[in-house]
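See structure below.
Since this is a predicted model, take the numbers as computed values, not measurements. Every chain is numbered from 1, with letters handed out A, B, ... down the list of sequences.
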Amino acid sequence: MEEQLFGTSLRITTGNNNNNNNSGTVSKRESVYCQQFQQYAHQLDAVNEKRERIVKASRDVTTSSKKVIFQIHRINRANRGAALQQAERDLHAVQSIHVRRVAQELKANETWKYKRAFSPGMQEFVEAATTLEFCKTGKLLTLQQLNASLSHLKDVSDAPFSISTGDYLLGVADLTGELMRLAISGVAAGQREVAIAVCGFVQALYKGFSQLPNTVDIRGMPKKMDLMLQSLIKIENTCYAVHVRGLEYPEDMIVNALEHEEIDSDQEA
Amino acid sequence: MEEQFAEFRAELDETGSVYEQLRIIAANLDSFIRLMQAALMPIHHCSFPQVKEKVKGYMSDLCGLYAKLAHVIKDKPGQYYRYHDLWRNQTSTVVFVLAFLHWLDTGGLLTHTETEALLNLDPAVFGIDLEDYLIGLCSFSNELPRYVVNRVTAGDYNCPKEVSTFLGDLYTAFRTLNLRNDHLRKRFDGIKYDLKKVEEVLYDVKIRGLLNGPSLQATATGHESNVATSHQ
């Protein structure tokens with residue numbers, strides 16, 4: 001009895017051994033299941049490995065897009081032409097190297113399967129591209145224009161890669177944060193007109209966003225809209241400060257005051 | 001700028017309505033599956049044929065609901081994963097119920113492909129995500145310790161041996177997967193605790209000599225003994 005018991009529990013815990021008692025059918029069934037699951041393992045492996053490659057490419061899109069944005073913040077009256085050109089080149093590199101890597105992993109029906117893996121990268125890329133466009137022309141780069149510039153990137157089935165509406169909207173929401181920084185640094189550099197231009201632009205953006213229905217499909221939209229409103233308020237306060245106090249105080253005092261307000265409100269939050 | 005946002009409004013209205021259509025069907029699916037699961041639960045104290053008939057009665061409506069989901073999506077290739085969260089949990093529960101039923105019927109494991117066939121699903125259009133299937137199997141495993149305990153109480157002393165063999169094989173098969181540290185991995189870890197509980201019941205039954213005792217007339221498949229011993 002005890003031997004049997006011992007033999008039985010040994011068989012159970014080391015499921016792979018084949019010297020079982022009345023086990024002809026048992027080990028056969030086990031190997032059928034294992035064969036089946038090996039197929040599943042291959043499928044899962046393929047999916048997981050692709051997802052990892054896409055995540056890595058997306059992270060690179062993010063870091064290189066952020067560099068473009070930093071480059072844009074470095075633009076001043078003196079270096080404007082050269083700095084803009086550099087930013088253009090950098091943005092093009094982001095697209096042709098890193099966004100391409102994402103595009104090349106995706107088959108036609110797989111965009112939504114791997115969406116979460118590359119969405120952050122695309123949002124950051126949209127943010128960089130729209131920030132640059134605003135600096136160049138004061139206009140909003142449309143999704144159509146952006147996707148036209150990407151149409152040379154093909155996915156596995158040779159269809160052009162495109163950025164989704166959701167990612168575009170989230171990226172543009174982030175754009176307002178960068179514009180807020182541009183407005184404040186513009187005032188510091190003595191260019192009050194930048195703040196005023198930014199203010200009108202972001203007000204129009206916010207109006208557009210507020211009218212969008214059904215964004216339940218787009219993850220994180222409510223929070224981004226909150227942040228957008230806060231950026232807009234900071235921009236409006238900047239314009240107010242420039243207008244009301246600008247006649248009396250020099251720029252850097254205004255900027256100091258604004259930055260203090262910013263620090264205070266960040267600490268409250 | 002306004003033009004672009006007007007276009008977005010129209011686009012989001014459309015995708016919003018697709019989402020709403022799917023959400024409603026998925027909500028129906030959800031309450032339907034609860035009914036189906038409730039119909040299966042008496043297996044813990046009733047005979048299999050009774051329960052089997054009741055559960056099978058739900059199948060055609062279930063297939064209909066999945067067909068409705070498939071119909072909404074079929075013109076939009078690749079959107080399965082866009083809305084996948086709407087039916088992810090429900091599908092895992094369906095797999096659990098069907099796998100349990102299949103095992104009670106045949107003693108075997110329902111495969112991924114067989115599950116899709118049972119639901120009349122065409123994987124190219126609307127299939128069952130592999131992870132949903134695997135998680136459904138984990139839920140099935142979770143149910144087995146309780147089933148075994150109740151079977152033994154009802155006098156079916158062969159059940160623990162069969163279940164522990166089956167679950168052991170399932171666990172071995174699962175170990176061939178390379179899992180990441182995600183939800184599936186946690187559920188997979190649960191299987192070994194289920195196996196342990198079943199082995200404990202097997203041990204209880206064995207050391208009391210019950211295996212070769214009263215139910216000696218129980219034949220090769222425990223399912224017949226299930227039927228035989230439960231009409232008491």
Shortest non-hydrogen separation from A41(A) to T176(B) and the atoms involved:
CB-O, 3.6 Å
Among residues 132-169 of chain A, residues within the sub-4.5 Å heavy-atom range of chain B, in order of number, are L140(A), T142(A), L143(A), T165(A), Y168(A), L169(A)
Largest heavy-atom contact set with chain A, pairs under 4.5 Å, which of Y171(B), Y83(B), Y133(B)
Y133(B)
If I take atom CD from residue Q38(A) and atom CG from residue L177(B), how far apart are they, to the nearest 0.5 angstrom?
9.5 Å
Heavy-atom pairs under 4.5 Å with chain A are the metric here; pick the option from D129(B), L170(B), L134(B), N178(B) that has the most.
N178(B)
Any residue meeting salt bridge (Lys or Arg N to Asp or Glu O under 4.0 Å) with K224(A), in chain and number order, not counting sequence neighbours:
D174(A)
I'd like to check the salt bridge (Lys or Arg N to Asp or Glu O under 4.0 Å) partners of R219(A); sequence neighbours left out, ordered by chain and number.
none
Let me see the working for Y114(A) and Y81(B) under ring pair (Phe, Tyr, Trp, His ring centres under 6.0 Å), right down to the final yes or no.
CA-CA 9 Å; Y114(A) 296 101; Y81(B) 283 101; 8.2 Å; no
Out of curiosity, R9(B) CZ to L212(A) CG, how far, rounded to the nearest 0.5 Å?
7.5 Å
Would you mind checking which part of Y19(B) comes under 4.5 Å of any heavy atom in chain A, side chain (CB onward), backbone (N, CA, C, O), both or neither?
side chain
Which bit of K207(A) comes within less than 4.5 Å of chain B, counting heavy atoms only: side chain, backbone, both or neither?
side chain
When rounded to the nearest 0.5 angstrom, what distance separates CD in Q36(A) from OG1 in T113(B)?
6.0 Å
Heavy-atom distance under 4.5 Å to chain A: side chain of L86(B), backbone, both or neither?
neither
Would one find more than 12 heavy atoms of other residues, nucleotides or ligands at under 6.0 Å from atom CZ of R59(A)?
no
Within-4.5 Å side-chain heavy-atom neighbours: F209(A) and F5(B)
yes
Within the structure provided, determine whether R180(B) and E52(A) are in side-chain contact (heavy-atom separation under 4.5 Å).
yes
Can you tell me how far apart CG (L179(B)) and CG (L44(A)) are? Round to the nearest 0.5 Å.
7.0 Å
Side-chain heavy-atom pair L12(B), I218(A) within 4.5 angstrom cut-off:
yes
Taking side chain as everything from C-beta outward and backbone as N, CA, C, O, which of these in Q211(A) sits under 4.5 Å from a heavy atom of chain B? Side chain, backbone, both or neither.
both
D85(B)/R116(A) ion pair, N-O < 4.0 Å:
yes
Under 4.5 Å from any heavy atom of chain A, what part of L184(B) do you find: side chain, backbone, both or neither?
side chain
Tell me whether E14(B) at atom CD has more than 12 heavy atoms from other residues, nucleotides or ligands lying less than 6.0 Å away.
no
Can you give me every donor-acceptor pair (side chain of residues 93-102 of chain B, partner residue at least two apart or in another chain, under 3.5 Å) with its distance?
| unit_1 | atom_1 | unit_2 | atom_2 | d |
| --- | --- | --- | --- | --- |
| T93(B) | OG1 | N89(B) | O | 3.0 |
| H102(B) | NE2 | T106(B) | OG1 | 3.4 |

Is the F174(B) ring parallel, tilted or perpendicular to the F37(A) ring (thresholds 30°, 60°)?
tilted
Heavy atoms of other groups near K192(B) NZ, more than 12 under 6.0 Å:
yes
Can you see which heavy atom on G107(B) is nearest to which on Y33(A), and at what distance?
O-OH, 4.0 Å
So which part of H112(B) gets closer than 4.5 Å to some heavy atom of chain A, the side chain, the backbone, both or neither?
both
K56(A) NZ: over 12 foreign heavy atoms closer than 6.0 Å
no
Which portion of K113(A) sits near chain B, non-hydrogen atoms under 4.5 angstrom
both
